[in-house]
Amino acid sequence: MRLSRFPLATTKETPSDAEIISHQLMLRAGFIRKLGAGLYTWLPIGLRVLKKVENIVREEMDRAGALEVLMPTIQPGELWKESGRWDVMGYEMLRFKDRHKNDFCYAPTAEEVITFHVRQDIRSYRQLPINYYQIQTKFRDERRPRFGLMRGREFLMKDAYSFHMDAEDLSREYYNMREAYIRVFTRVGAAFRAVKADSGNIGGALSEEFHILANSGEDLLAVAEGGTYAANVEAAECKPTGKRAAASAALEKVSTPGQKTCDQVSKFLNVPLTGKVKLLVVHAAEGQPHALIGIALRGDHQLNEVKASKHPKVKSPFKMATPEEVQAAFGCETGYLGPIKCPIPVIADHAAFEVADFVCGANENDHHLKGANWGRDAEEPETADLRAIVEGDASPDGVGVIKFYRGIEGGHVFQLGKKYSKAMNLTVLDEKGQAVTPEMGCYGIGVSRLVAAVLEQSNDAGGMIWPDAIAPFRVIVCPIGMDKSEAVKAAAEKLYADLNAAGIETALDDRGARPGSMFADADLIGIPHRVVIGDKSLATAQFEYKSRKAEKAEMIPASLEAVLEKLRG
RNA sequence: CGGGGCGUAGCUCAGCUUGGUAGAGUGCUUGCUUCGGGAGCAAGAAGUCGCAGGUUCGAAUCCUGUCGCCCCGACCA
């Protein structure tokens, strides 16, 4: 591509409404332009990168045996009513009516549509398993779109849906997709991690997210150093150790005027935070004997609200009791609550259950208890995994120590089970002629998000640094004084033609710009390989080569072969 | 949805408190000089000051409404 014919809309200034580096760079380098909140146009150079990522995804899906389809972005509301999600989905789903006043929505996902088609066409077990995928625009009306392409409203997504006769075959395909995802993320040059995700489904349904590691990531990941365990902190388990020291101290009520927080009490009584048990009061689930329920946590731990919401005795979604409700139930302020002589039922987190001789609130203003013990001073409580995992915890699988990383969710593989096939009455006949409801899996990759995510972990002060596999061009040829020197012009044109002939996507900066601006643009748009041709280097029959990642340029022989050698580098 | 902020030249912003001829930088056009890390000088084109009302002799500026966008939070998956 001749840059004189290819508008490079680069700017020096950083747009004020871009918060994260990938968003800033994509605007500055002219990859995207904003049309509205969460809506972006891909300009020619940016689109080249998007298409490359898209093709890698397509190749790997094809290789894994999935079949590409293309479903409409506009979906009939009827199907969503059939699955029951029309009323469940919130404002995230953009709804509208056509001229006949029929309900429609802009696709946020496509389980309903694909299930509808499979129901039309798939009748026999002989036709299964099957895995359909598409790479198509989605729209989710996020309440707060942000971070450019990272959380846009309209985005490009690869979504795949597989159908199976039984859970075993679903599991096989799940791992098949997982392998395909590993290949995709590896090929686009991302440093990533597959982590266990929130798997709410009963029946051992598996769910894993593929995260690109980046400090700007919205998700926190718990990864075992020296082990293989990795999970989204929302889903990271905390296992009981099964050990608790015997009670050795006598129960004693002490005056702790004004000491309301765990930190304050810990310092005031000179006991470590790990020796304190705190009690959170939350709303109980419908049908529980008491409207409130207490959750006991060790002093240094935080509640994991996802886990709490899933506990059968806790109201979902999770809701904390108000100070007034606590006062009514306990007759004291929230700073002095404890599980001993507690007026409401208590569930203890495993870690809180394993503390002996602990300090806790006395359920009386300005007083705490010392030397408290489960079993002796209160009934042995029901226990559950309720706390958030913390760095330094032992890995739940027993191998390694937990460390936190930030990640950007780029993909998700999920065993759906029969949720949609059942709701939408999809059945196929098995070899005995019996109708069977197929098992489903779904597998997504945020294609446009992946572009931003890779960039998020691959940039420097000069701008973008694209991996070869998804760079808009692999090589940029920068002739110095092309207008003045026939030799430079001829050499640059020849190299440009030769590289293209060799199948290398090459940009020729024939704009006649000054060297400074040429180099700055080449760096900003992140072309991985740069060849500079000037009279000085040609005098010694040399080109100047610089890798985008390298500090300095180096001289190479002025030949196509020498350049190709560097690309193989 | 709650709180805060911003809409002025293609882009980034000043001007608004205290009403009186529309500004800068950058980008763009032309010319001359320059030419290895975003050049210099000169000339030039470019804005119904988000939109609609109102107050006023006069509104970018004050008031009301409205739309759009951004940030924090909550919410959702």
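Side chains included, hydrogens not; waters and symmetry mates left out as well; all remaining heavy atoms used. Please read these numbers as outputs of a predicted model, since none were measured by experiment. Per chain, numbering begins at 1; letters A, B, ... match sequence-line order.
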Nearest-nucleotide check on RNA chain B, A:Thr14 vs A:Gly516; residue mapping nearer the 5' end is A:Thr14
A:Gln136 side chain to A:Met71 backbone, donor-acceptor under 3.5 Å: yes
Please state the P separation for the pair B:C57 and B:G19 - nearest whole angstrom. 15 Å
Which of the following nucleotides, B:G37, B:G25, B:C75, is nearest to the side chain of A:Glu13? B:G25
Complementary nucleotide for B:G36 - Watson-Crick or wobble, under 3.5 Å: none
Apply salt bridge (Lys or Arg N to Asp or Glu O under 4.0 Å) to A:Arg178 and list each qualifying residue two or more places apart in sequence or on a separate chain. A:Glu208
Just how far, in rounded Å, is C1' of B:G38 from CG of A:Leu524? 10 Å
Taking B:G27 as the reference, what is the distance to B:A46 when you measure between their C1' atoms (whole Å, please)? 11 Å
State plainly whether the residues A:Arg85 and A:Glu112 are in salt-bridge range, i.e. N to O under 4.0 Å. yes
Quantified in whole Å, what is the P atom distance between nucleotide B:U18 and nucleotide B:U30? 47 Å
Side chain of A:Glu92: nearest nucleotide among B:C76, B:G38, B:U26? B:C76
Given RNA chain B, 5'-ward residue of the pair A:Arg151 and A:Ala553, judged by closest heavy atom: A:Ala553
Summary of side chain to side chain donor-acceptor pair (under 3.5 Å) pairs that have at least one residue in residues 86-96 of chain A, sequence neighbours excluded: none
In this structure, how many angstroms lie between the C1' atom of B:A77 and the CD atom of A:Glu209, rounded? 10 Å
Across all chains, not counting sequence neighbours, the side-chain hydrogen bond (donor to acceptor under 3.5 Å, both in side chains) partners of A:Glu409 are A:His412
Would A:Tyr40 and A:Phe31 count as a close aromatic pair, with their ring centres under 6.0 Å? no
Output the rounded distance in Å from CG (A:Asp219) to P (B:A77). 15 Å
Between B:A52 and B:C67, how far apart are the two C1' atoms, rounded to whole Å? 10 Å
Distance, rounded to the nearest Å, where A:Glu111 contributes CD and B:A77 contributes C1': 12 Å
Interatomic distance, A:Leu27 CG vs B:U12 P [rounded to whole Å]: 9 Å
Remember a base hit wins even if backbone is also touched, and classify A:Arg530 as base, sugar-phosphate or nothing at under 4.0 Å, heavy atoms. base
Test of understanding: with ring pair (Phe, Tyr, Trp, His ring centres under 6.0 Å), list the residues that count as partners of A:Tyr496, not counting sequence neighbours. none
Quantified in whole Å, what is the P atom distance between nucleotide B:G23 and nucleotide B:G47? 13 Å
For A:Arg33, which contact category applies under a 4.0 Å heavy-atom criterion: base, sugar-phosphate, or nothing? nothing
Does B:G20 pair with anything, Watson-Crick or G-U wobble, both distances under 3.5 Å, and if so, with which nucleotide? B:C57
Pairing check on B:A9: which nucleotide meets the Watson-Crick or G-U wobble criteria with it, both distances under 3.5 Å? none
If pairing requires Watson-Crick or G-U wobble contacts with both distances under 3.5 Å, which nucleotide is the partner of B:A14? none
Taking only residues two or more places apart in sequence or in another chain, which ones pass side-chain hydrogen bond (donor to acceptor under 3.5 Å, both in side chains) with A:Lys566? A:Glu554
Counting only Watson-Crick or G-U wobble pairs whose two distances fall under 3.5 Å, which nucleotide matches B:C49? none
Between A:Met157 (CE) and B:A77 (C1'), how many Å, whole number? 12 Å
Quick note, A:Lys12 side chain, CB onward, closest among B:A77, B:G36, B:G27 is B:G27
Side-chain donor-acceptor pair under 3.5 Å between A:Glu209 and A:Ser207, yes or no? no
With a 3.5 Å distance limit and no angle check, can you tell me whether A:Asn232 reaches the backbone of A:Ala197 through a side-chain donor-acceptor pair? no
Quick one: A:Glu544 CD to B:G37 P, roughly how many Å, whole number? 11 Å
Between B:A59 and B:C76, how far apart are the two P atoms, rounded to whole Å? 49 Å
Just to verify, what does A:Asp159 make a side-chain hydrogen bond (donor to acceptor under 3.5 Å, both in side chains) with, not counting sequence neighbours? A:Gln134, A:Lys138, A:Tyr161
Which residues share a side-chain hydrogen bond (donor to acceptor under 3.5 Å, both in side chains) with A:Asn215, sequence neighbours left out: none
Nucleotide forming a Watson-Crick or wobble pair with B:A42, both distances under 3.5 Å: B:U30
Taking only nitrogen or oxygen atoms into account, show me every contact under 3.5 Å that the protein makes with nucleotides 68-71 of chain B, one pair per line with its distance.
{"residue": "B:C69", "atom": "OP1", "partner": "A:Ala37", "partner atom": "N", "Å": "3.2"}
{"residue": "B:C69", "atom": "O3'", "partner": "A:Lys34", "partner atom": "NZ", "Å": "2.9"}
{"residue": "B:C70", "atom": "OP1", "partner": "A:Lys34", "partner atom": "NZ", "Å": "3.3"}

Whole-Å distance between B:G36 C1' and A:Ile476 CD1? 15 Å
If I pick the P atom on B:G15 and the same atom on B:A24, what distance separates them, to the nearest angstrom? 15 Å
Shorter than 3.5 Å, N or O on both sides, protein versus nucleotides 31-35 of chain B: list them out with atom names.
{"residue": "B:U34", "atom": "O2", "partner": "A:Arg514", "partner atom": "NH1", "Å": "2.5"}
{"residue": "B:C35", "atom": "N4", "partner": "A:Lys484", "partner atom": "NZ", "Å": "2.3"}

With rounding to whole Å, what would you report as the distance between B:U8 and B:C13 at their P atoms? 9 Å
Base-pairing mate for B:C76 - Watson-Crick or G-U, with both contacts under 3.5 Å: none
